[in-house]
Student: 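This is the structure, below, for whatever I ask next.
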Amino acid sequence: MNKTGTKFFASLTARAFVFAGLGVAAIAVLTAQQAPPATGLIFTAAQADSGRGVYDQNCAGCHGANFQGSGDAPALSGGTFMLQWRTRLVSELFGSILQTMPPTSPGSLSEAAGLNVTAYILQRNGAQAGTRALVPGAAMQISSVASGQAPQQNAAAGAGRGGRGPAPVVRGAGMSTARGVSVEGEVKNYVPVTPAMLRNPPASDWLIMGRNYQRHSYSPLNQINTTNIKNLQLKWAWAMNDSGANQTTPIVHNGIIYLASPSNIVQALDGKTGDLIWETRVGPDQSPGYGGIRSIAIAEDKIFLPTSNAHMVALDARNGKILWDTPASEKPRDSTSGTIVIGDKVIMGLTGCARFDGDGCYISAYDIHTGKQAWRFYTVPRQGQPGSDTWGSLPMNNRAGAETWLAGSYDPDLNLTYWGVAQSKPWNFLSRHTTPYDKTLYANSTVALNPDTGKLNWYFQHAPGESFDLDEVFERVLVDIGDQKVSLSAGKAGVLWKLDRVTGKYLGSKEMVHQDVWTSIDANGVPKYRTNLLEMQIGQTVSVCPSTEGGHNWQAMSYNQPTGLLIAPLSQSCMDFVAREVDFSGSGGGNGGDRKFTPMPGSNGNMGKLAAYDVKTMNEVWKYEQHGPFLTAALSTAGGWVLVGDVNRYIHVLDVKTGKMLWETRLGTSAQGFPVTYSVDGKQYIAVMAGLGGGSPRVGPTQLAPDIKFPQNGQALYVFALP
């Protein structure tokens, strides 16, 4: 064992799993959870009841209807919550909520609302209501009133509600009451989408997330060009459901837009006029904040919706009727990744795998005609499978994470589909009870799978043992450079990776924003971590660049084929990071980390960066920086421009060769999601979403740029064209 490893194990032994420097051994905490609280009755039932409504509206979208947390928000009940809060005062919990929540508009809750939601959280942790109202100065330890175990009648409260709750199979708690076709209509003269069309989409259509299998986010349309784009006009707009996060990709076929709205609503719209043709509500309903469905898919005569509660649902593209509905998991799971159709299979990923339930995360495929599951690929290897030994001595029940936040890309010639895999959870190696040298496959990897069988062809791990929520899960852009077939990707560390997509061999990398997690990347693509990060301890603050906002996040890059440039939306912020102890008993888990966002050195307060890179040399050709971060994917066309939108409600169009601003306008709220362009009857249109919600890319600018204001509603689709 090397010196760093020896120091790590010595500190782990001495620490005895002490939480956050408070001197409380985890075993004592867990024992305390079994005992009833010493006192109680510090809030009224009316306060807790009112707090439930406040929670459902402002908190459930991130922390979950079941209080179990999400990718960006910690659990608010159970052992992990008590590990952090048991020795602290009720007044501290109230103060934290009042000052920092909700993250998109901190401090917006009234004192009464803050007290009510505090009462509800305490109730969900076993505290009992009484006749005395909760007051701001309540100066008793949380462990004296709460056990961390919810009363049975409250444990199920809200189950299935919101974007993070348990998943009903067909219809149950939380499903929309109007499940099925809610607006009847029919797409006239529908033309089935063939495999050949998916391999080579018509220029007028946008059939796949990113438009083509290679995820280029590029259109060959050129009617709108750098000369006339200044004349763009709004042609029509369509309001979308304000519940849940809006990060979707419209699918366009033969002049019809198929649009997924939050709460699992699918609509067919006339792409020329914006008229509604049909609408289907699949459910369940979602809470504001988290869990945006990033793409639907089309093939033959079907629309495929991967629901927020991880079902794969097929709809009739002509009239919206539900054809089949298959749950992806036997246990509660979520999905934001979207989906891709390859041959006779529709493939989706999973999220919501941070809990210790032993089921693990996986990518799965379904027969497009019957809905029968065809295969699963586990992103956390099962016991005894290759890669299982990279999780150290952790039992399978405590191996979590490795979600797939975005649907993969596909090379039809190689018959391989490429997916990015998120980090292992909890985030930090200390919280995971592993060493910094346990790689935790297939977390933070590119995996190349056979779409027919789900078999792994190769993998490349970008960030072995990653510990700061800087995952490498986002789009894989497939580019041919001469005879060389490459995959280009970037993760939250802000490094652009180039791999041989035939073999997975590392070909090169490029730092796109300032990062200080790795001191170097060797000839095989293996990063070397900063020494003090390897030696960090529970409760100790370390500074990390970039932050979990990401150097690059889900806002996808665009490969502009005529110029050979890859245009990337990037974010520039850092963070102070603290790892905390996590409850390993039962179904604990979660992220296990606290963050405070800080400015990135050298950014001059500019969080937003849009930059172009030559795919041959990986050199930066131009960059455009601004105060507010970009929250849409990039879209480029043969017309010579690239479009991107930001948190401050602007959409910008720049010259793809130079980065010069050509045109901009403002939407009703933040621009967010995946812009597309299409044509109807020979006229080109551009569709851009306004949206809300979405984790760190929202929390970061809220904390670092409080001067940027935007409405907390107004999700919509805006469609532009020339006069």
Side-chain angles (χ1 to χ4, degrees), residues 167 169-170 180-181 186-187 190-202 205-215 248-254 256-260 264 266-268 278 280 282 293-329 333 335-350 362-377 404 406-412 415-419 449-455:
V169 173
V170 176
V181 176
E186 185 174 355
V187 174
Y190 181 83
V191 177
V193 176
T194 65
M197 292 166 67
L198 291 176
R199 287 185 63 151
N200 186 22
D205 285 0
W206 196 282
L207 300 179
I208 305 171
M209 185 183 191
R211 192 181 173 276
N212 61 3
Y213 276 138
Q214 294 75 19
R215 194 61 68 77
T248 193
T249 306
I251 295 298
V252 188
H253 173 50
N254 209 23
I256 306 299
I257 296 176
Y258 297 94
L259 183 67
N264 303 284
V266 180
Q267 298 160 326
W278 57 254
T280 299
V282 177
I293 297 171
R294 293 180 178 135
S295 70
I296 55 179
I298 188 170
E300 298 183 352
D301 58 352
K302 299 176 181 67
I303 300 295
F304 299 95
L305 171 72
T307 64
S308 62
N309 64 335
H311 286 222
M312 181 61 76
V313 180
L315 309 177
D316 190 311
R318 295 181 178 87
N319 52 39
K321 292 181 179 179
I322 298 175
L323 302 175
W324 51 258
D325 180 343
T326 303
S329 173
R333 284 289 184 266
S335 177
T336 66
S337 69
T339 187
I340 183 173
V341 173
I342 301 174
D344 61 356
K345 294 178 179 63
V346 56
I347 307 173
M348 69 180 289
L350 287 182
Y362 48 80
I363 301 164
S364 52
Y366 304 84
D367 185 287
I368 64 173
H369 303 108
T370 67
K372 182 179 179 181
Q373 191 172 101
W375 54 256
R376 287 181 179 179
F377 172 78
T404 43
L406 285 175
S409 47
Y410 175 58
D411 184 330
N415 195 34
L416 291 176
T417 181
Y418 304 85
W419 291 66
L449 307 177
N450 182 309
D452 301 321
T453 64
K455 298 294 184 182

Student: Starting at CE of Met312, measure out to CZ of Phe304 and round the result to the nearest 0.5 Å.
Tutor: 8.0 Å

Student: Taking side-chain contact (heavy atoms from CB on, under 4.5 Å) as the test, write out the residues that go with Arg199, two or more places apart.
Tutor: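 Only Tyr213, Pro412, Asp413 meet the side-chain contact (heavy atoms from CB on, under 4.5 Å) criterion with Arg199.
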
Student: Please confirm whether the backbone N or O of Gly408 pairs with a side-chain atom of Arg215, one donor and one acceptor, at under 3.5 Å?
Tutor: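 Looks like yes, one N/O pair under 3.5 Å.
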
Student: Counting C-beta onward and ignoring hydrogens, is there a side-chain heavy-atom pair between Asn450 and Asn415 closer than 4.5 Å?
Tutor: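 In contact.
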
Student: Within the distance-only criterion (no hydrogens, no angle test), does the side chain of Ser337 pair as donor or acceptor with the backbone N or O of Ala407 below 3.5 angstrom?
Tutor: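 Here the side-chain-to-backbone pair does not exist.
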
Student: Could you check whether Asp205 and Asn254, counting side-chain N and O atoms only, form a donor-acceptor pair closer than 3.5 Å?
Tutor: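 No pair is found: no donor N or O on one side chain lies under 3.5 Å from an acceptor on the other.
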
Student: Is it true that Thr280 and Trp278 share a donor-acceptor pair across their side chains at a distance under 3.5 Å?
Tutor: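 No pair is found: no donor N or O on one side chain lies under 3.5 Å from an acceptor on the other.
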
Student: Which heavy-atom pair separates Ala297 from Thr339 by the least distance, and what is that distance?
Tutor: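 That would be CB-CG2, 3.5 Å.
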
Student: How far does CG of Leu406 sit from OG1 of Thr404, to the nearest 0.5 angstrom?
Tutor: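 The OG1 atom of Thr404 is 9.0 Å from CG of Leu406, to the nearest 0.5 Å.
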
Student: Please walk me through it: do Ile322 and Val313 pass side chain to side chain contact (heavy atoms under 4.5 Å, CB included)?
Tutor: CA-CA 7 Å; Ile322 298 175; Val313 180; 4.0 Å; yes

Student: Of the non-hydrogen atoms in Asn309 and Thr307, which two are nearest, and what is the gap between them?
Tutor: OD1-OG1, 2.5 Å

Student: Could you check whether Arg318 pairs with Asp301 (Lys NZ or Arg NE/NH1/NH2 to Asp/Glu carboxylate O, under 4.0 Å)?
Tutor: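 Yes, this pair counts.
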
Student: Find the distance between OH (Tyr410) and CG (Leu198) and round it off to the nearest 0.5 Å.
Tutor: 10.5 Å

Student: Does some side-chain heavy atom of Ile363 sit less than 4.5 Å from a side-chain heavy atom of Ile347?
Tutor: yes

Student: Let me confirm one number: the CD-CG distance from Glu300 to Asp316, rounded to the nearest 0.5 Å.
Tutor: 11.5 Å

Student: Which pair of non-hydrogen atoms, one from Ser335 and one from Ala310, has the smallest distance, and what is that distance?
Tutor: CB-CA, 4.0 Å

Student: Going through the distances and angles, do Leu315 and Leu323 end up as a side chain to side chain contact (heavy atoms under 4.5 Å, CB included)?
Tutor: CA-CA 5 Å; Leu315 309 177; Leu323 302 175; 5.9 Å; no

Student: Going by heavy atoms in the side chains, are His253 and Val193 under 4.5 Å from each other?
Tutor: yes

Student: Please tell me if the side chains of Val341 and Ile298 come closer than 4.5 Å, counting only heavy atoms from C-beta onward.
Tutor: no

Student: Is there side-chain contact between Ser364 and Met348, with at least one heavy-atom pair below 4.5 Å?
Tutor: yes

Student: Any side-chain to backbone donor/acceptor pair from Arg376 onto Gly454? Under 3.5 Å, distance only.
Tutor: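 Looks like no, no N/O pair under 3.5 Å.
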
Student: Between the side chains of Ser308 and Asn264, is a donor N or O closer than 3.5 angstrom to an acceptor N or O?
Tutor: yes

Student: Is there a side-chain contact between Thr249 and Trp206, using heavy atoms and a 4.5 Å cut-off?
Tutor: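 They are in side-chain contact.
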
Student: If every non-hydrogen atom of Tyr418 is compared with every non-hydrogen atom of Asp411, which pair is closest and at what distance?
Tutor: CE1-CB, 3.9 Å

Student: Among residues at least two apart in sequence or on other chains, which ones pass ring pair (Phe, Tyr, Trp, His ring centres under 6.0 Å) with Tyr258?
Tutor: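 Not a single residue meets the ring pair (Phe, Tyr, Trp, His ring centres under 6.0 Å) criterion with Tyr258.
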
Student: Which pair of heavy atoms, one from Ile257 and one from Pro250, lies closest together, and at what distance?
Tutor: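 Distance-wise, the nearest heavy atoms are CG2-CB, 3.9 Å.
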
Student: Measuring from Leu350:CG to Tyr362:OH, what's the distance to the nearest 0.5 Å?
Tutor: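 Reported to 0.5 Å precision, the distance equals 5.0 Å.
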
Student: Under the 3.5 angstrom rule, does the side chain of Thr326 hit a backbone N or O of Gly371 as a donor-acceptor pair?
Tutor: yes

Student: I need the Thr453 OG1 to Trp375 CH2 distance, nearest 0.5 Å.
Tutor: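 If we round to the nearest 0.5 Å, Thr453:OG1 and Trp375:CH2 are 7.5 Å apart.
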
Student: Could you tell me which non-hydrogen atom of Ser409 sits nearest to which non-hydrogen atom of Gln214, and how far apart they are?
Tutor: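 Ser409 and Gln214 have their closest heavy atoms at CB-C, 4.4 Å.
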
Student: Side chains of Leu207 and Met197: closer than 4.5 Å at any heavy-atom pair?
Tutor: yes

Student: Any side-chain heavy atom of His311 within less than 4.5 Å of one from Leu305?
Tutor: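 Side chain of His311 against side chain of Leu305, heavy atoms only: no contact under 4.5 Å found.
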
